[in-house]
Amino acid sequence: MELRATKSEKWFAPLLVISLFITQLDSGIISTNLSSMARGLMLTPAEKSWIVSIYTLGLLFATPVMGSMIDRFGYRMVFLTELAFYFVGVLGIALSQTFPMLLVFRALQAFGSSSLLTLTLSLVFANTERKIGGRVGNIGALVALSTIVAPIISVISLAKTHDWRNIYFVMACLIAIIFLLAFFIVPKVTNSEAKSFDIKGNSLFVLALVAFNLLLTRGFSRGHIVELVVYAAILIISATLFMKVEAAREKDQLAVLFSRNLWQVPAYRTSLIGGITTGLVMSLFAFLPSFIEMTFHLDARKAGSLMTVMAVGTFLGSKIAGIWTDRKGASHSTIGTMGLVFISLVVMYFSVTSFKVFLFALLFFGIAIGSLMTVPLQVLVVEASPRDRNASLSLLSVCKKLGMTIGITLIGVLAHATGSLGFSQMLLGLMVVTLVFIFYMRKKA
């Protein structure tokens with residue numbers, strides 16, 4: 001569905017950008033508030049980890065579904081649906097009195113933010129013909145800015161109110177205001193070329209993701225053969241049926257989540273593989289605070305605050321990537337930014353002997369991963385599939401989250417095998433992965 005510049009867009013675009021900024025605050029807010037939540041609800045360490053994990057899983061499962069709905073129901077309907085989910089989620093979090101209640105509303109919150117970035121990027125691509133990299137880079141910079149601002153807002157809220165719930169009440173009020181403005185101001189847009197919604201395909205894809213995630217997390221951690229076999233069987237069957245359903249729909253020229261024809265396009269295939277590679281590198285985010293705490297003997301709060309250094313680098317990287325992509329093209333900038341990521345991983349690996357050098361390495365890593373994850377892959381996948389950009393952007397997002405899930409599991413496996421945090425070993429592995437991707441892309445270029 002196309003949404004060209006209209007009077008409605010003058011209202012829709014700012015509301016969408018503000019909503020994106022608010023929802024992207026979550027990572028900083030939850031990291032700051034998690035200890036207070038745990039004390040207030042008397043959570044165990046395992047339950048604390050689930051508060052973070054359920055949000056990631058919710059994003060992973062909801063993104064392909066909500067992304068596919070854009071073409072079928074339009075920007076306005078999906079936007080309002082996302083806001084409704086997010087409002088119920090954050091309000092429920094603020095009112096939660098038990099762990100199960102908190103877990104349910106965290107999942108709803110994830111559904112409410114799963115496709116706002118896809119909506120925003122899709123709108124940018126629909127209304128920009130030149131200098132697209134700079135526009136996409138601005139969106140990436142906005143997301144990075146939210147990660148910088150979130151811990152500051154959260155700390156101020158805790159210091160002033162001494163209650164972690166208040167910031168969620170404020171977010172609920174802001175989202176409610178935006179929902180009402182969007183509902184009454186943004187007019188409905190009739191889509192004369194509405195596509196049928198791929199219910200079977202999306203359902204099977206989500207089922208495959210669930211089985212894959214359970215295979216990685218519960219199966220290998222517990223080591224039960226029966227459990228491994230069950231999860232593997234569900235994964236294989238659902239993935240096979242998914243491919244058959246998508247092939248049949250594509251043959252009938254219906255909307256699909258995964259296109260075999262597009263997969264034959266080198267740029268499209270490369271962007272999705274690049275998304276998984278990027279996600280693997282992004283999995284380091286979850287373990288960096290613990291790595292800093294153990295390596296440099298800092299307390300948990302100070303170690304977490306140093307992530308702001310990386311967030312600043314991400315902000316700078318998104319701006320650099322926008323300029324790079326506009327001047328050299330998406331393919332060139334993808335290879336270049338992946339090269340920066342490789343160099344940053346090498347620098348970080350050898351920086352543990354000096355705290356000052358590590359701070360530089362952390363900033364450099366932020367610039368490198370920020371330049372890779374915010375612009376070139378998005379532009380590359382849309383250039384390869386301009387008519388299916390909504391589904392393609394959603395699938396790219398899923399690939400990144402899938403890479404993160406695999407990466408987090410691998411670090412856990414390495415930690416168990418080596419008796420250490422597993423971070424240094426993961427750095428070495430990621431160096432190899434990024435190099436392989438660079439050589440693969442240069443060969444296909």
Side-chain angles (χ1 to χ4, degrees), residues 23-62 85-114 147 150-172 210 213-214 216-222 283-294 298-307 401 404-405 407-409 411-413 415-416 421-423:
T23 57
Q24 292 296 316
L25 293 171
D26 176 77
S27 59
I29 290 175
I30 195 66
S31 62
T32 307
N33 285 345
L34 190 57
S35 296
S36 298
M37 285 180 174
R39 286 193 299 270
L41 297 175
M42 294 182 290
L43 304 179
T44 65
E47 289 173 338
K48 281 178 63 178
S49 66
W50 265 108
I51 297 304
V52 178
S53 299
I54 194 66
Y55 188 82
T56 304
L57 293 175
L59 290 176
L60 182 63
F61 303 146
F85 271 121
Y86 202 84
F87 171 77
V88 174
V90 292
L91 184 61
I93 290 171
L95 297 173
S96 293
Q97 300 298 322
T98 63
F99 169 67
M101 187 177 178
L102 181 60
L103 210 61
V104 169
F105 286 114
R106 278 285 288 170
L108 289 176
Q109 183 193 19
F111 269 74
S113 64
S114 59
T147 63
I152 299 173
I153 296 174
S154 190
V155 168
I156 293 174
S157 175
L158 282 174
K160 294 291 185 181
T161 66
H162 305 288
D163 189 350
W164 61 267
R165 301 176 188 273
N166 288 316
I167 194 166
Y168 288 101
F169 281 123
V170 172
M171 292 174 69
V210 172
N213 183 73
L214 289 172
L216 285 178
T217 55
R218 293 174 60 85
F220 287 114
S221 63
R222 290 188 174 189
S283 67
L284 295 176
F285 296 172
F287 295 89
L288 267 170
S290 298
F291 177 75
I292 295 170
E293 183 181 352
M294 293 178 62
L298 302 175
D299 61 78
R301 179 168 291 185
K302 190 171 183 180
S305 67
L306 290 177
M307 295 298 287
K401 295 178 178 69
M404 282 189 69
T405 303
I408 290 171
T409 304
I411 294 176
V413 172
H416 179 73
L421 188 61
F423 191 86

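Start at 1 with the first residue, then count along the sequence. The structure presented is a predicted model; accordingly, all values stated were derived computationally and were not measured.
Here the CG atom belonging to Asn33 is positioned 4.5 Å from the CG atom belonging to Leu158, to the nearest 0.5 angstrom. Rounded to the nearest 0.5 Å, atoms CD1 (Ile167) and OG (Ser36) are 11.0 Å apart. Between the OG atom in Ser114 and the CG atom in Leu59 there is a gap of 6.5 Å [rounded to 0.5 Å]. Atoms CD1 and CE, on Ile153 and Met171 in that order, are 9.0 Å from each other to the nearest 0.5 Å. With rounding to the nearest 0.5 Å, the separation of NZ in Lys401 from OG in Ser283 is 14.5 Å. Interatomic distance, Arg106 CZ to Met37 CE, rounded to the nearest 0.5 Å: 6.5 Å.
Using a 4.5 Å heavy-atom threshold, the side chains of Met307 and Leu288 count as touching. Counting only heavy atoms from C-beta outward, the side chains of Phe61 and Val210 approach each other to under 4.5 Å. Counting heavy atoms from C-beta on, the side chains of Ser154 and Trp164 never come closer than 4.5 Å.
For Ile152, the side-chain contact (heavy atoms from CB on, under 4.5 Å) criterion is met by Ile156, not counting sequence neighbours. Applying the ring pair (Phe, Tyr, Trp, His ring centres under 6.0 Å) rule to Phe85 yields the partners Phe111; only residues at least two apart in sequence or on another chain are considered. Take Thr23 and apply the side-chain hydrogen bond (donor to acceptor under 3.5 Å, both in side chains) test, not counting sequence neighbours, and it matches no residue. For Tyr86, the side-chain hydrogen bond (donor to acceptor under 3.5 Å, both in side chains) partners at least two apart in sequence or on another chain are Gln109. Under the side-chain hydrogen bond (donor to acceptor under 3.5 Å, both in side chains) criterion, Asp163 pairs with no residue at all, not counting sequence neighbours.
Between Leu298 and Glu293, the shortest heavy-atom contact is O-CG, 3.0 Å.
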May I have the list of side-chain donor-acceptor pairs in residues 88-105 shorter than 3.5 Å, sequence neighbours left out?
unit_1: Ser96; atom_1: OG; unit_2: Gly92; atom_2: O; d: 2.6
unit_1: Gln97; atom_1: NE2; unit_2: Leu95; atom_2: O; d: 3.4
unit_1: Thr98; atom_1: OG1; unit_2: Met101; atom_2: N; d: 3.4

